Structure formats: C-alpha cells, structure tokens
Colleague: 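Before I ask anything, here is the structure I am working with.
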Amino acid sequence: MVKKRKNIPSHGWGFEEILAEMKRGKNNDADWKSGKMFGFVYYPGDNIARAVEKIYNLYFYENALNPSIFPSIREMENQIVSMTANLLNVDENFAGNVTSGGTESIFLATKVARDMARENKTLIDQPEMIIPVTAHPAFNKAAHYLGVKVITIPVCEYKRADINSINRAITNNTIILVGSAPNFPHGVIDPIPEMGQIALKNDIYFHVDACMGAFILPFMEMAGYKVPSFDFRVPGVCSISADAHKYAYAPKGTSIILYRNSKLRKHQIFVTTDWPGGIFATTGFLGTRSGAGIASTWALFHLMGKEGYINNVRETIELTKYILKKIESLPGLRIIAKPDMSVISFTSDRDNIYLIGDEMTKRGWYLDRLQFPEGLHMTLTNTNVRKCEEFIKDLTISVNSVRKSILKKVSSSTLLSITRGIDKTVPEKLLQKAIKSGISRISKKGNSSGSAAMYGISANLDNRKNVKTMVIELFDSMYSL
Ligand SMILES: *Cc1c(COP(=O)(O)O)cnc(C)c1O
C-alpha cells in the first residue's frame, strides 16, 4: 500500500485555526457525555473535572522519571499508593507504584512473578501462567512479551474460575495464578479465597486483577452492600492491580500496582549500571512519564473523599440493579451471569443478540459485543443514570423490531445465515471480505453498523488464525493516513 506522507507545516498555524481543525475532527467522535456510552470514559461531573484540569495543568510538562528532580510528584505517588493500600486492606509491609494503566500494572506483576520463580524455583524450564478464560487480554500480552506460556482454564456456569480446572492445570512450571475482581466480560468476581488457598498450598504467586473493581468494591462494602472477598485480607494474594483511570475518575494513563510486601516489588525495579549515560533505574515499563496523571489522581482522592466515591457507587449500583431487573423482564433476554458490581452482560435465548445490538446502535447507544457466548455488555457509571428510562425504552423497541423483522423474513437472509454460521457453503474469500467490511464499518466510522455480521461470523469461524491475520491487516491500514 502506498502511504500518504504529510508535512509538518513550514510556518506555525494560529491557535484559532488549529482549534477549528480539531473541532471538525472531534465531530466524528463518540458523544460520551450523552450518557449513552458505557465504560471508555469515567467522569466525575463538570465541577470536579474542571478542578482536576487545573491540577493537571500544574504538572503539564513535568517528568516523573527521576524521583529526586520533582520530589513533589514522588510524594504524591507514594501517597496514592498508600491510600490505595489502605483501601485494599494490606498490612504495613506493602509496596507499590503508579503506572500508565492496567496493562502496565499487569505486565509488572507478571514480571515479578516470573523473576521470583527464577530466583526460587530452579527447575522451571518454560514458565506458565494460569488464567480463567475471562481474564483480561493484558495477561496474554504480558505473557507474550515476557516469554510466559498461557494456560487458560474454563469458568463455571456462574462465570467464576473453575477451581477443579485450576488444580488440574498446575505444574512445576506454574509461576502465576490470576483471578479477576471482577472480570471484564461478565462483571463477576472469581473465587479469590479458594484460589488463594491453592496458591499457598502450591507455593504459587497469586495476582488479583481489580483494575475495574478496586475503586468501587471497597466503597460498596462501606455503603453496606455485600461484596465477595477479593483484597489483601485474603491469604495468598500477592499483588493487586487497581486502575485509577476507571472508577477513581483519573485522566487516562493512571493505574496502581500494589504488592503485599516490598520484597516482591524489588523484582519490578529495573536497573542498569554500565551505561555511559549514567546509572539508570525505573520503577516500571516506562522511562519518561508524565507527572500530570499522578497529580490528578492525588487531587481526585482529595476532591472526592470517601464520601464522594461512596455516593457515586451507591447511585451506580442502584442503577445496575434496576437495569438488570428491566432486562430480565424483556422477552427472550437473559443476564449471562449475575454481576457482583456494575458490569452487565446479557444475551437473548430467542433472537440474535447482535441484531438487537445493531438496533440499539441505530438509536445512539454504544454497547460492547461479547463472544463465547454471544452477548451485549455495559460498564455502568453514574453518567448513565439520567438516560436510564430511555435505555429501557430503546431496548424494548429494539427487541421488538428484531423479532418483527425475523417474523416477516424481510431481514437480509444471506447476512443472517452467514451470521449464524448456518450457511457453511459460503466461500472462504467471500467470508473474509464480509468480516473485513464488518470490522471496517465499525471502526472507521465510529459506529457499529454491521457488527452483527462481524461478531456472528468471527464467533463461528473455525479457523481463528484467519481472523487474527485480518485484524492485523486492518490495524495496519487504520493506523495509516
Ligand atoms: C481495563 C482493564 C484492564 C486493562 O487496563 P488498561 O488500563 O486498559 O490497560 C485489565 N483488567 C480489567 C478487568 C480491566 O477492566
């Protein structure tokens, strides 16, 4: 493919000109403030957001790379870690850092587990990671980068990690066991106490991924809701990842990785002593890193207070309960697993759920698509509260309209049969083209018309390697002008 090469302008543009150009571009972006989007943006409301913007600007250009040049950033980082440690009930031996996101926190925990095992268990030849199939792909990514083999175990009917399968998967090569609190697809917390026991019995590192839950579950508990055990009170838990840029409302690029003790964290710190540029050490994956995310997170903890978080959490959980009840009352719809907090996944036992999703897209809603099993997905926040009744109304209309079109048999029969994997005779080439156009339509235009086709096909395609190659090609073209 011939790539367009664009020039940096020879002379700088005026500010107004730049702003106008940006605004033009932004018109194509999702309108997350509408309350019709889920996840992606976690918003504390206009007043707090304005205050955080000012704090962000105070550290706009500062670099958190060197802990002695900007000691105020290091102090804030240490305090963020300490406040999160307290929230997650770890004793005073804890250690931790602020990272660039859940992915980096997970990467670092995996590295610590691998290097601990290398130090203590000389017999390991090919380190292995045991994850439930519902664990976040960041674990597959970390394992890929760190030369760790992923062993995926199934979940039981309630979508929690299957304990018997974990026991069977453990070998002398197992270096890390992972549980989620909660997992992204179904919002369900794995059986952390049982997993902790397995980890202790077999002397295996145990990481709990609370990227999604860390800033909601503790406040749920404080508000009096029943929360399954997931934090450092559970024996065997070695580390927890906690994303501040989700339910703590921090701007993107902030997560916390916490360890039960500083002995573990020592394996996280990277040092090289022989470089002509000097002795070089970093706490995480990044070198140069922004001080603004750290400052904003620190400010948010203080702007919100426990009280602010508790109030928001209460509102979000009540919204979740209400929507769950309404979804269950609609014909054919079924909650895939009863969630432990504010993530809902549902499917239809009667109609194609992706077609229902497409109907919702037409009405301006952004719902994630799940596969294995097929479903729709929402991460609720209090931004969604005021659109709650509109959501129920539109979902009811969407379910009815899919039903009607099927009854009338006016829906595109080819598309539908491809989607459902009934028509196995479609030539491979055509299938690939269909998938590609499905994905392209979703991603390039920022809406998901045709997502029924894409997810339907990819979920039913036997050769998933093909899908992978196509997605790589697609990304290659999307990240080119
Ligand atoms: C978001 C998320 C991650 C990954 O975090 P990023 O910040 O997107 O890198 C990991 N696990 C869970 C459960 C998540 O929700």
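The chain is numbered in sequence order, starting from 1. Each ligand, and each atom within it, is numbered from 1 in the order the structure gives. Predicted, not measured: the structure shown is a model, and the values here were computed from it.
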Colleague: Between Glu318, Lys321, Arg314, which is the residue that forms a side chain to side chain donor-acceptor pair (under 3.5 Å) with Tyr225?
Modeller: Glu318
Colleague: Hey, does Gly102 come in under 3.5 Å of ligand 1, counting only N/O atoms on both sides?
Modeller: yes
Colleague: For Ile106, counting its heavy atoms only, list the atoms of ligand 1 lying under 4.0 Å from any of them.
Modeller: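 Atoms satisfying the 4.0 Å criterion: 10 (C).
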Colleague: Could you check whether Ser165 and Asp162, counting side-chain N and O atoms only, form a donor-acceptor pair closer than 3.5 Å?
Modeller: yes
Colleague: Kindly identify the option in Met212, Lys246, His136 whose heavy atom sits closest to atom 2 (C) of ligand 1.
Modeller: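 Checking each option, the heavy atom nearest atom 2 (C) of ligand 1 is found in Lys246.
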Colleague: Where's the contact between Ala138 and ligand 1, heavy-atom distance under 4.0 Å: side chain, backbone, both or neither?
Modeller: neither
Colleague: How does Asp209 reach ligand 1, by side chain, by backbone, by both or by neither, if only non-hydrogen atoms under 4.0 Å count?
Modeller: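 It is the side chain that touches ligand 1; the backbone stays farther off.
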Colleague: Answer yes when Arg363 and Glu359 have at least one side-chain N-carboxylate O distance shorter than 4.0 Å, and no when they do not.
Modeller: yes
Colleague: Taking the basic N atoms (NZ, or NE/NH1/NH2) and the acidic carboxylate oxygens, is any pair closer than 4.0 Å for Arg369 and Asp358?
Modeller: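 Salt bridge between Arg369 and Asp358, a charged N being under 4.0 Å from a carboxylate O: yes.
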Colleague: If the cut-off is 4.0 Å to any non-hydrogen atom of Pro182, which atoms of ligand 1 fall inside it?
Modeller: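 Heavy-atom distances to Pro182 below 4.0 Å select 13 (C).
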Colleague: With a 4.0 Å heavy-atom cut-off (strictly under), which part of Asn183 contacts ligand 1: side chain, backbone, both or neither?
Modeller: neither
Colleague: Assess whether a salt bridge exists between Glu53 and Arg50, defined as any Lys/Arg side-chain N lying under 4.0 Å from an Asp/Glu carboxylate O.
Modeller: yes
Colleague: Is Arg160 salt-bridged to Asp340, going by a charged N under 4.0 Å from an acidic O?
Modeller: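 Judged by the 4.0 Å cut-off on N to carboxylate O distance, Arg160 and Asp340 do form a salt bridge.
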Colleague: Give the residue, atom name and distance (to 0.1 Å) of the protein heavy atom nearest atom 9 (O) of ligand 1.
Modeller: Thr103 OG1, 2.5 Å
